Amino acid sequence: MKFVSDRGAGAHPRANRGIEAVTMLSSTSEAQDARAQAGSVLRVVVHSVHNASSGVRALMLRPESGTSLPAWEPGSHIDVYVPGVGPRQYSLCGDPRVRDEWTIAVQLEADGRGGSSWMHRAEPGLVLEVGVPRNQFPLVDADSYYFIAGGIGITPLLAMVRTLPEHKPWKLLYGGRSLSSMAFAEDLRTYADDRVVLHPQDTHGLLDIAQFTALLEAGDAVYACGPPAMLRAVEEQSENWPRGVLHIERFAPQEQPASQSGSFEVVLARSNKSVRVESEETIVQALSRIGVSVTTVCQEGVCGTCETAVLQGIPEHRDSVLSEEERLESQTMMLCCSRAVSERLILDL
């Protein structure tokens with residue numbers, strides 16, 4: 001699954017991030033380069049596999065050596081380095097308090113690029129190389145929580161509802177094409193009906209987001225993850241919500257208008273280097289011409305891995321990660337896709 005996140009106002013700054021990456025690396029050497037760029041790589045063993053629904057396989061991962069895995073928080077994901085394909089990113093959907101195992105869920109994409117079909121063939125005993133957990137969709141403190149999930153978008157939200165204190169008010173609206181297609185539906189039946197609403201589209205129609213959020217107040221938080229149509233409906237409904245309550249994680253990049261940017265200069269404050277970025281190239285590509293390597297995964301403004309601080313200048317934001325508030329502040333930008341409105345950008349590199 002491919003994800004990007006729009007954080008609500010006041011959310012935490014991003015660490016480098018990404019969820020099923022939308023870039024397919026064309027060779028084993030490129031996959032190795034991606035692993036090197038991404039930092040720490042762990043080897044884990046597939047301990048068990050089961051069908052979480054029709055079309056979704058859940059994999060429990062345990063450390064190949066040692067007794068524990070790195071700590072993580074709800075909303076986190078890991079990169080899985082699929083041989084011959086490259087990094088694919090999956091939400092951790094188990095219990096963060098359990099330190100010796102991670103659970104991920106993989107939806108089979110019939111028209112995908114090979115990552116999900118390879119993962120669906122994984123069997124117990126298989127050793128995988130994975131990245132350390134990263135979180136671009138953190139669970140912020142709130143008075144109460146409204147979770148809205150569509151399809152495989154349940155995975156990051158599942159970890160959230162599992163870890164909230166018993167006294168904390170929350171409820172989940174979970175939709176899917178059919179009940180059989182909704183991963184972890186049986187697990188969620190263990191919660192009270194006033195907390196979890198399963199809403200298969202074939203029997204119940206579209207989600208009624210207005211009704212679900214009718215009692216929303218300032219100080220609450222809405223977390224939504226799912227397909228574009230569902231998220232558009234959530235955003236439309238959110239126009240009347242208190243500012244900063246909505247937190248979204250997306251499957252795919254948002255459609256962007258045609259760029260108005262021509263060529264511009266990029267100055268690296270710490271490296272004391274500069275380069276001209278031509279109209280047909282990205283900042284990442286231009287920097288590579290002067291020997292400066294920037295860590296990237298998706299190259300489409302989806303994963304947030306290349307997010308970099310802007311010290312001076314006005315970016316033309318073309319990513320699907322930053323919120324509207326963050327775009328206006330322009331304190332950071334994604335170098336793989338965003339450009340410049342101003343003649344010069346000074347970056348913290």
Side-chain angles (χ1 to χ4, degrees), residues 1 3-15 17 19 72-77 91-97 133-175 184 188 191-199 207-228 230-251 254 304 320-329 332:
M1 47 185 200
F3 290 121
V4 300
S5 62
D6 290 350
R7 297 174 297 166
H12 301 174
R14 267 171 302 276
R17 104 137 219 158
I19 295 182
W72 60 282
E73 297 179 346
S76 297
H77 70 277
S91 292
L92 292 170
C93 54
D95 188 335
R97 294 165 294 192
R134 296 181 289 171
N135 196 351
Q136 302 297 45
F137 195 42
L139 184 63
V140 301
D141 186 39
D143 295 334
S144 62
Y145 297 88
Y146 295 76
F147 299 106
I148 306 172
I152 196 63
I154 187 62
T155 49
L157 307 185
L158 191 61
M160 295 180 182
V161 302
R162 283 174 167 165
T163 54
L164 283 173
E166 184 62 31
H167 69 273
K168 182 66 74 171
W170 64 267
K171 57 181 182 176
L172 166 68
L173 178 62
Y174 178 18
F184 304 107
L188 290 166
Y191 294 99
D193 290 343
D194 62 345
R195 283 199 156 176
V196 174
V197 178
L198 301 180
H199 194 100
L207 301 180
D208 190 339
I209 297 165
Q211 181 184 46
F212 180 70
T213 58
L215 300 180
L216 181 69
E217 297 180 351
D220 296 341
V222 179
Y223 278 79
C225 185
M230 188 202 84
L231 296 181
R232 283 194 297 271
V234 171
E235 288 180 308
E236 290 171 4
Q237 192 64 39
S238 72
E239 293 178 0
N240 298 317
W241 294 349
R243 182 177 179 271
V245 303
L246 178 59
H247 306 258
I248 285 180
E249 191 158 62
R250 301 179 185 275
F251 283 130
Q254 295 174 284
S320 300
V321 180
L322 297 177
S323 66
E324 287 304 314
E325 290 84 358
E326 291 169 322
R327 289 185 174 215
L328 290 173
E329 292 169 357
T332 66

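Atoms considered below: every heavy atom in the structure, side chains included; atoms not considered: hydrogens, waters and symmetry mates. None of these values were measured; they are calculated from a predicted model.
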Undergrad: Quick check for you: to the nearest 0.5 Å, what is the distance between Tyr174 atom OH and Ile154 atom CD1?
TA: 5.5 Å
Undergrad: Side-chain contact, heavy-atom cut-off 4.5 Å: Leu172 with Tyr223?
TA: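 Not in contact.
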Undergrad: Could you grab the distance from atom OG of Ser238 to atom CG of Leu231, nearest 0.5 Å is fine?
TA: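 Those atoms lie 10.5 Å apart.
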Undergrad: Quick check: closest heavy atoms across Val321 and Gly304, and the distance to 0.1 Å?
TA: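 Looks like CG2-N, 4.0 Å.
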Undergrad: Over all heavy atoms of both residues, which pair between His247 and Val245 is shortest? Give the atoms and the distance, please.
TA: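 Heavy atoms only, the tightest pair is CD2-O, 3.1 Å.
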Undergrad: When you compare the side chain of Ile248 with that of Glu235, does any pair of heavy atoms fall below 4.5 Å?
TA: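 Glu235 reaches Ile248 side chain to side chain.
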Undergrad: I'd like to check Lys168 versus Asp141 (side-chain heavy atoms, cut-off strictly below 4.5 Å). Are they in contact?
TA: yes
Undergrad: Nearest heavy-atom pair of Cys225 and Gly153: which atoms, and what distance?
TA: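 Scanning both residues, the minimum pair turns out to be CB-O, 3.4 Å.
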Undergrad: Determine whether the aromatic ring centres of residues Trp170 and Tyr191 are separated by less than 6.0 angstrom.
TA: yes
Undergrad: Please tell me if the side chains of Val196 and Val161 come closer than 4.5 Å, counting only heavy atoms from C-beta onward.
TA: no
Undergrad: Please round to the nearest 0.5 Å and tell me the distance separating atom NZ of Lys171 and atom CG of Asp193.
TA: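 With rounding to 0.5 Å, NZ (Lys171) is 13.0 Å from CG (Asp193).
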Undergrad: How long is the straight-line distance from CG of Leu164 back to CG of Leu139, given to the nearest 0.5 Å?
TA: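 Answer rounded to 0.5 Å: 5.5 Å.
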Undergrad: Check ring-ring contact (aromatic ring centres under 6.0 Å, His included) between Tyr145 and all other residues, then give those that pass, not counting sequence neighbours.
TA: Phe147
Undergrad: Could you report the tightest heavy-atom contact between Phe137 and Pro156, atom names first, then the distance?
TA: CD2-CB, 4.0 Å
Undergrad: What is the minimum heavy-atom distance between Leu158 and Cys93, and which atoms define it?
TA: CD2-O, 3.7 Å
Undergrad: What's the shortest heavy-atom distance between Gly175 and Leu207, and which atoms?
TA: CA-CD2, 3.8 Å
Undergrad: Does the side chain of Leu216 reach to within under 4.5 Å of the side chain of Tyr146, using non-hydrogen atoms?
TA: yes
Undergrad: Got Leu173 and Asp208 here, is their nearest side-chain heavy-atom distance under 4.5 Å?
TA: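 The answer is no; the side chains never approach within 4.5 Å.
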Undergrad: Keeping to residues at least two apart or across chains, list the salt bridge (charged side-chain N to carboxylate O under 4.0 Å, His left out) pairs with something in residues 147-162.
TA: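 Applying salt bridge (charged side-chain N to carboxylate O under 4.0 Å, His left out) to every pair that reaches into residues 147-162, excluding sequence neighbours, yields Arg162-Asp187.
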Undergrad: Tell me, which pairs form a salt bridge (charged side-chain N to carboxylate O under 4.0 Å, His left out) where one or both residues lie in residues 142-157, sequence neighbours left out?
TA: none
Undergrad: Out of curiosity, Met160 CE to Glu73 CD, how far, rounded to the nearest 0.5 Å?
TA: 10.0 Å
Undergrad: Can you tell me how far CD1 of Ile148 sits from CZ of Phe212, rounded to the nearest 0.5 angstrom?
TA: 5.5 Å
Undergrad: Would you confirm whether Asn135, through its side chain, and Pro74, through its main-chain N or O, come within 3.5 Å as a donor-acceptor pair?
TA: yes
